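The first residue of the sequence shown is numbered 1, and numbering continues consecutively from there. Because the structure is predicted, anything quoted here is derived from the model rather than measured.
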Amino acid sequence: MNEEKAIELLKKYENRTISADEKALLETWYLQHAKNSTDQLSPEQLDESVEFLKGQLPLKLGKERSLWPRIAAAAAILVILSAGGYFLIRQPLPQQIAQNQPHEIQPGTNQATLTLANGQKIVLTKSLSGKLAQQGNTTINMTSGGEIAYTQKDAAQPLVAEVAYNTLTTKRKEQFPLVLADGTKVWLNSSSSITYPVTFNGKERRVSITGEAYFEVVHNAAQPFRVVVGGQTVEDIGTEFNINAYDDEPVIKTTLINGSARVTKGSHKAILKPGQATITKLQQDDIQVKDADVEEAAAWKNGQTLFDDEDIQTIMRQVSRWYDVDVVYEGEIPNRRFEGGISRKSNLSSLLKVLEGNKIHCTVENHKIIIKP
């Protein structure tokens with residue numbers, strides 16, 4: 001079967017324009033499979049293979065990830081395609097990948113707990129809609145898009161002198177979107193929280209977070225927007241950014257997607273440009289500025305998990321939060337780096353099959369993943 005036929009089949013499945021990278025990935029998949037087969041694949045066999053992979057590994061491809069040079073240089077790599085997706089796997093045949101069938105665990109979902117100023121707690125789920133609460137002049141609604149939104153009832157009414165604060169909290173296996181009173185959009189990742197005023201009355205707009213959050217800030221030079229996290233302050237200058245500040249991560253990483261941002265910690269300051277990130281440590285005031293993968297930083301908000309030269313421990317910390325599982329390592333921890341991506345809608349078994357294909361041996365006992373050499 002030639003490349004044109006393979007591309008034709010991929011178009012059949014995806015019904016969209018095929019990029020040059022996807023053509024190369026598909027051809028690599030086909031050539032590798034054919035090299036490990038005694039006979040050339042028929043259209044029916046390729047059809048069955050791709051359908052199998054789609055059902056087992058619903059992987060997604062990041063928008064502009066240029067992996068082809070590294071793929072072409074690598075030996076014995078099978079590129080698994082599904083919904084335009086990829087992951088680098090160092091086992092030759094899909095039949096081998098399917099042998100391990102771990103216990104099925106579903107991915108996380110949009111859910112969180114909202115704590116009002118009076119201490120009342122509201123568990124937020126997709127089934128809620130309409131008005132949730134009234135706090136002073138501000139109404140709290142669940143929008144048709146599944147967001148929590150704060151709107152001032154009557155701008156002409158006098159503002160309440162005492163500021164009321166709410167806290168939105170997610171557990172493991174939860175995430176949630178939020179629209180603050182000024183129109184700023186926030187996406188809260190798993191095991192995270194954000195505390196914020198129901199309306200912004202003062203000279204600044206100040207919120208605090210734990211865990212990870214993505215911000216699209218409505219810029220207002222007269223009322224700066226500031227995020228307090230881990231002993232540092234991130235101030236927008238017309239900004240879209242992601243902050244990863246989990247307690248179990250070795251550093252706090254603030255990645256600027258658009259606009260500009262100022263990060264302050266102690267006497268140290270840094271101004272970010274798009275495509276840059278600050279790296280800070282909890283017990284130190286110095287700030288490092290590095291080039292960043294903005295696509296990877298924003299991936300979780302866009303429904304994907306992307307890895308770019310990450311070790312297994314970094315990957316499994318994300319897995320632990322999103323699937324509500326504990327991770328245990330038996331023996332020596334694999335000292336290897338990984339890159340690739342998978343949809344956050346995928347079941348845990350799909351991700352573990354990818355790891356198995358990379359010779360990371362996993363077993364699942366209840367809600368615990370055991371990583372073995």
Side-chain angles (χ1 to χ4, degrees), residues 110-170 174-189 192-229 232-243 245 254 256-264 298 301:
N110 276 20
Q111 185 165 309
T113 300
L114 176 65
T115 303
L116 303 179
N118 62 4
Q120 178 187 353
K121 294 182 182 295
I122 303 173
V123 177
L124 306 175
T125 63
K126 294 180 180 179
S127 61
L128 292 179
S129 62
K131 182 178 177 180
L132 299 179
Q134 182 75 37
Q135 296 197 312
N137 299 338
T138 304
T139 303
I140 307 172
N141 293 294
M142 176 78 86
T143 70
S144 58
E147 300 171 322
I148 292 297
Y150 287 71
T151 55
Q152 191 171 322
K153 185 178 180 180
D154 186 353
Q157 292 185 13
L159 296 173
V160 179
E162 183 178 354
V163 179
Y165 284 86
N166 285 183
T167 298
L168 186 66
T169 306
T170 55
E174 296 181 345
Q175 65 178 17
F176 215 84
L178 165 70
V179 181
L180 299 175
D182 65 340
T184 291
K185 294 183 179 179
V186 184
W187 288 262
L188 198 64
N189 205 350
S192 304
S193 70
I194 178 170
T195 299
Y196 51 93
V198 298
T199 187
F200 296 105
N201 298 339
K203 296 180 180 179
E204 66 174 0
R205 296 167 291 162
R206 181 177 291 261
V207 305
S208 62
I209 70 165
T210 65
E212 185 168 22
Y214 188 101
F215 291 84
E216 288 184 2
V217 179
V218 174
H219 183 61
N220 180 355
Q223 196 180 35
F225 189 94
R226 298 185 173 105
V227 182
V228 178
V229 54
Q232 69 184 42
T233 301
V234 181
E235 180 180 337
D236 101 282
I237 311 175
T239 315
E240 185 176 342
F241 55 90
N242 187 78
I243 302 176
T254 301
L256 184 67
I257 313 300
N258 289 309
S260 182
R262 179 185 297 110
V263 179
T264 304
K301 188 264 290 186

| task | Would you indicate whether the side-chain heavy atoms of Ile194 and Val186 approach each other to under 4.5 Å? | result | yes

| message | I'd like to know if the side chain of Thr239 and the backbone of Gly259 have a donor-acceptor N/O pair within less than 3.5 Å. | response | no

| field | Under the ring-ring contact (aromatic ring centres under 6.0 Å, His included) test, residues paired with Phe176 that sit two or more places apart | value | none

Identify each donor-acceptor pair in which a side-chain atom of residues 214-224 lies under 3.5 Å from a protein atom, sequence neighbours left out, and give them as a table.
{"residue": "Tyr214", "atom": "OH", "partner": "Glu240", "partner atom": "OE2", "Å": "2.4"}
{"residue": "His219", "atom": "ND1", "partner": "Asp236", "partner atom": "OD2", "Å": "3.1"}
{"residue": "His219", "atom": "ND1", "partner": "Gly238", "partner atom": "N", "Å": "3.1"}
{"residue": "Asn220", "atom": "OD1", "partner": "Ala222", "partner atom": "N", "Å": "3.1"}
{"residue": "Gln223", "atom": "NE2", "partner": "Phe200", "partner atom": "O", "Å": "3.3"}
{"residue": "Gln223", "atom": "NE2", "partner": "Gly202", "partner atom": "O", "Å": "2.8"}

| query | Got a donor-acceptor contact below 3.5 angstrom from the Thr169 side chain to the Ser193 backbone? | reply | no

| query | Can you name the nearest heavy-atom pair linking Leu188 to Ala213, along with the distance? | reply | CD1-CB, 4.1 Å

| said: Side chains of Val234 and Arg262, heavy atoms from C-beta outward: is any pair under 4.5 Å? | reply: no

| Set of side-chain hydrogen bond (donor to acceptor under 3.5 Å, both in side chains) partners for Thr138, sequence neighbours left out | none

| Sub-4.5 Å side-chain heavy-atom contact between Leu114 and Ile140 | yes

| task | Could you tell me whether the side chain of Val207 reaches within less than 4.5 Å of the side chain of Leu180, counting heavy atoms only? | result | yes

| task | Would you confirm whether Ser192, through its side chain, and Thr170, through its main-chain N or O, come within 3.5 Å as a donor-acceptor pair? | result | no

| query | How far apart are the C-alpha atoms of Thr264 and Thr233, what are their side-chain angles, what is the distance that settles it, and do they pass the side chain to side chain donor-acceptor pair (under 3.5 Å) test? | reply | CA-CA 5 Å; Thr264 304; Thr233 301; over 6 Å; no

